[in-house]
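Excluded from the calculations below are hydrogen atoms, water molecules and symmetry mates; all remaining heavy atoms, backbone and side chain alike, are included. Chain identifiers are assigned alphabetically (A, B, ...) following the order of the sequence lines, protein sequences preceding nucleic acid strands; residue numbering begins at 1 within each chain.
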Protein chains: 2
Amino acid sequence: MGTTQLETVPEPKYWHLKTVLSEALDSEFSVGEILPNERDLAARFGVARATLRQALEQLELEGRLQRRRGVGTTVAPPRMGVAVGTEEQTWPGAADDAWQPADCAMAPPPPAVAHILESVHGEQVHTVRRSRVSRGQPVAAELLYVPASSVAALPAIDTPSVTARARAVLRELQHLELEGQDRAVELGSASAEDAKELDRLPGAPVLVVTTRFFAGGRTAAVSVATYRADTCRLTFGASGGVEIHHGQERRAS
Amino acid sequence: MGTTQLETVPEPKYWHLKTVLSEALDSEFSVGEILPNERDLAARFGVARATLRQALEQLELEGRLQRRRGVGTTVAPPRMGVAVGTEEQTWPGAADDAWQPADCAMAPPPPAVAHILESVHGEQVHTVRRSRVSRGQPVAAELLYVPASSVAALPAIDTPSVTARARAVLRELQHLELEGQDRAVELGSASAEDAKELDRLPGAPVLVVTTRFFAGGRTAAVSVATYRADTCRLTFGASGGVEIHHGQERRAS
DNA sequence: TAGTGGTCTAGACCACAAT
DNA sequence: TTGTGGTCTAGACCACTAC
């Protein structure tokens with residue numbers, strides 16, 4: 001990474017800076033290496049810290065960098081592929097799935113979910129919280145909404161531990177015949193709770209995967225899963241296991 | 001929208017501001033309405049313009065607002081569902097697909113694509129550019145990479161118009177037997193070219209959908225499609241047509 | 001305690017769209 | 001020409017981590 005001055009181009013400085021840094025990342029840094037701090041970098045490129053930060057933010061959004069307060073900025077490893085959709089459709093909580101149930105409560109769903117479930121106003125649903133870990137890192141947090149009517153056979157509230165209750169709801173789902181499901185993916189920003197779960201700051205970019213599960217001619221459950229957008233690449237289809245390797249060659253400086 | 005002062009909370013100002021604005025958007029504004037300009041808004045909330053902008057940026061990322069230089073900030077309509085994956089796997093360019101071919105060139109693929117195609121260094125591939133429009137708006141730009149060996153039967157370079165050539169490559173693909181495909185979705189930022197195509201500024205957040213097409217026991221084509229993350233929700237699975245309606249109720253002020 | 005990234009300010013000027 | 005959002009500066013202080 002040189003000490004090159006930026007030329008006076010019609011291109012925004014932060015954009016040019018991003019390009020320069022991106023190339024330096026490819027050629028002069030290896031994964032995990034820590035960059036000089038923001039004040040030094042800004043000085044080196046002759047820009048204000050805010051401008052330098054604009055470039056770093058972009059690179060972090062693209063999964064090239066990881067910044068941690070009190071620690072520093074490090075070169076991120078290539079995004080990991082996370083299997084989201086497979087050919088066979090299954091209920092959440094099936095034997096092989098990647099999720100770990102955390103807790104469960106009865107609560108009225110948020111408006112968007114209530115609309116999908118076509119639930120009447122104020123109706124309470126089982127709300128199961130689950131988390132997903134990959135390669136030792138938390139990658140996703142999920143809220144699964146199951147109307148009481150979908151799991152009518154569930155034993156009455158003998159209130160065991162919340163995590164046991166979560167498992168009970170999931171177990172009950174497996175008994176239903178799954179008639180179909182569909183998914184939607186969109187960009188979102190982490191809520192305070194998601195952020196905590198995902199070990200990020202609130203507002204961090206996330207990929208929100210909304211899955212509807214159909215049974216008995218209606219929507220029997222809805223899952224809203226938020227994946228870390230910086231570290232994850234969601235994979236769909238036949239070869240969830242096959243790796244697409246987007247990373248560039250990197251060598252130590 | 002009130003003139004309320006922000007209390008001194010441990011929460012960042014821009015975060016609180018975002019919440020306040022978000023609620024105002026739900027209750028006091030209707031889709032398409034333009035907000036007061038940034039300087040006025042900042043003054044009204046008693047914060048610096050940069051802080052106000054941080055809140056607006058988040059809301060734009062979430063698809064709640066649309067900002068256009070020289071025009072103003074408007075309330076965005078709910079994201080549109082865009083069908084990306086259907087049950088039946090087809091080659092790009094099939095009769096019913098949503099894409100419009102733009103042009104075609106022979107060029108060496110970018111490194112990431114070359115890796116997926118396992119092409120030898122410097123090998124040239126057909127590079128077809130296509131665009132996708134939904135409800136009168138550009139929603140995605142695609143680059144489709146097809147090794148010459150996948151479409152060997154393509155007539156020699158009689159160089160008709162580039163768009164005719166694009167169609168010829170797509171037509172040739174249909175003749176191959178599609179053995180399978182898979183997809184990956186990740187967050188990216190728009191390149192200068194994509195930005196132009198999508199009517200956004202460079203660096204705008206996009207959802208990058210990478211699709212691999214398998215034929216003849218290998219990867220016969222790769223598509224890299226970038227969707228506007230602010231306006232699109234990507235839908236997968238059986239009911240690509242069924243709408244998930246995430247929008248909140250909105251009434252005029 | 002020292003050093004990091006995160007937040008915030010009060011300005012300035014620029015690029016673009018509409019008039 | 002006017003008004004908008006986009007870029008940029010040179011500071012300041014805060015929250016967090018590691019020592």
Open item on the list: So if I take every side-chain heavy atom of A:Q54 and compare against C:dT7, D:dG6, D:dC8, which nucleotide ends up nearest?
Closed with: D:dC8
Open item on the list: Measuring from the side chain of A:T51 (C-beta onward, heavy atoms only), which nucleotide among C:dT7, C:dG5, D:dC8 has the closest atom?
Closed with: D:dC8
Task: Side-chain donor-acceptor pair present, A:Q100, A:S131, cut-off under 3.5 Å - done: no
- [ ] Select one nucleotide: of C:dG5, C:dT9, D:dG5, the one nearest the side-chain heavy atoms of B:A48.
- [x] C:dT9
Open item on the list: Can you measure A:H16 atom NE2 to D:dT7 atom C1' for me and round it to whole angstrom units?
Closed with: 16 Å
Task: Any N/O donor-acceptor pair, A:R68 side-chain to C:dG6 base, under 3.5 Å - done: no
TODO: Identify which nucleotide among C:dT9, C:dG5, D:dG5 has an atom closest to any side-chain atom of B:N37, counting heavy atoms from C-beta outward.
DONE: D:dG5
TODO: Identify whether the distance between the nearest side-chain nitrogen and carboxylate oxygen of A:R53 and A:E38 falls below 4.0 Å.
DONE: yes
Task: Whole angstrom value for the distance that separates P of C:dT4 from CG of A:L65 - done: 16 Å
Task: Closest listed nucleotide, where the reference is the side chain of A:V47 and the choices are D:dG5, C:dT7, D:dT9 - done: D:dT9
Open item on the list: Under a 4.0 Å threshold between the charged nitrogen and the carboxylate oxygen, would A:D97 count as salt-bridged to A:R130?
Closed with: yes
TODO: Take the protein atom CZ of B:F45 and the nucleotide atom P of C:dT9, then report the distance between them rounded to whole Å.
DONE: 13 Å
TODO: Would you mind reading off the distance between A:Y14 atom OH and D:dG6 atom C1', rounded to a whole angstrom?
DONE: 8 Å
Task: Of the listed nucleotides C:dC13, C:dC16, C:dC8, the one nearest the side chain of B:R39 - done: C:dC13
Task: Closest-nucleotide 5' rank along DNA chain C - winner of A:A50 and A:R69 - done: A:R69
Open item on the list: Rounding to an integer number of Å, can you tell me how far A:K13 NZ sits from D:dG6 P?
Closed with: 19 Å
- [ ] Report the nucleotide, chosen from C:dG5, D:dT17, D:dC8, that has the shortest atom-to-atom distance to any side-chain atom of A:R53.
- [x] C:dG5
- [ ] Rounded to the nearest angstrom, tell me the gap between atom CG in A:L52 and atom P in D:dT9.
- [x] 10 Å
Task: Parallel, tilted or perpendicular: rings of B:W99 and B:Y227 (30°, 60°) - done: perpendicular
Task: Candidates D:dT9, C:dA17, D:dG5 - which lies nearest the side chain of B:E38 - done: D:dG5
Task: Euclidean distance, atom CD of residue A:E57 to atom C1' of C:dT7 [Å, nearest integer] - done: 11 Å
Open item on the list: Can you see if the side chain of B:T73 gets near the phosphate of D:dT4 - specifically, an N or O under 4.0 Å from OP1 or OP2?
Closed with: no
TODO: Using the closest heavy atom to pick a nucleotide of DNA chain D for each, name whichever of B:P202 or B:D40 lands nearer the 5' end.
DONE: B:D40
TODO: Scan B:L201 against the nucleic acid and name what it touches under 4.0 Å (heavy atoms): base, sugar-phosphate only, or nothing.
DONE: sugar-phosphate
TODO: Tell me whether the OP1 or OP2 atom of D:dG6 has a side-chain N or O from B:R67 closer than 4.0 Å.
DONE: yes
Open item on the list: So, applying side-chain hydrogen bond (donor to acceptor under 3.5 Å, both in side chains) with A:K18, which one of A:E23, A:Q54, A:E62 is it?
Closed with: A:E62
Open item on the list: Distance check needed: D:dC16 P versus A:K196 NZ, whole Å only.
Closed with: 12 Å
Open item on the list: Tell me whether A:R228 is salt-bridged to A:D194, with the criterion being a basic N under 4.0 Å from an acidic carboxylate O.
Closed with: no
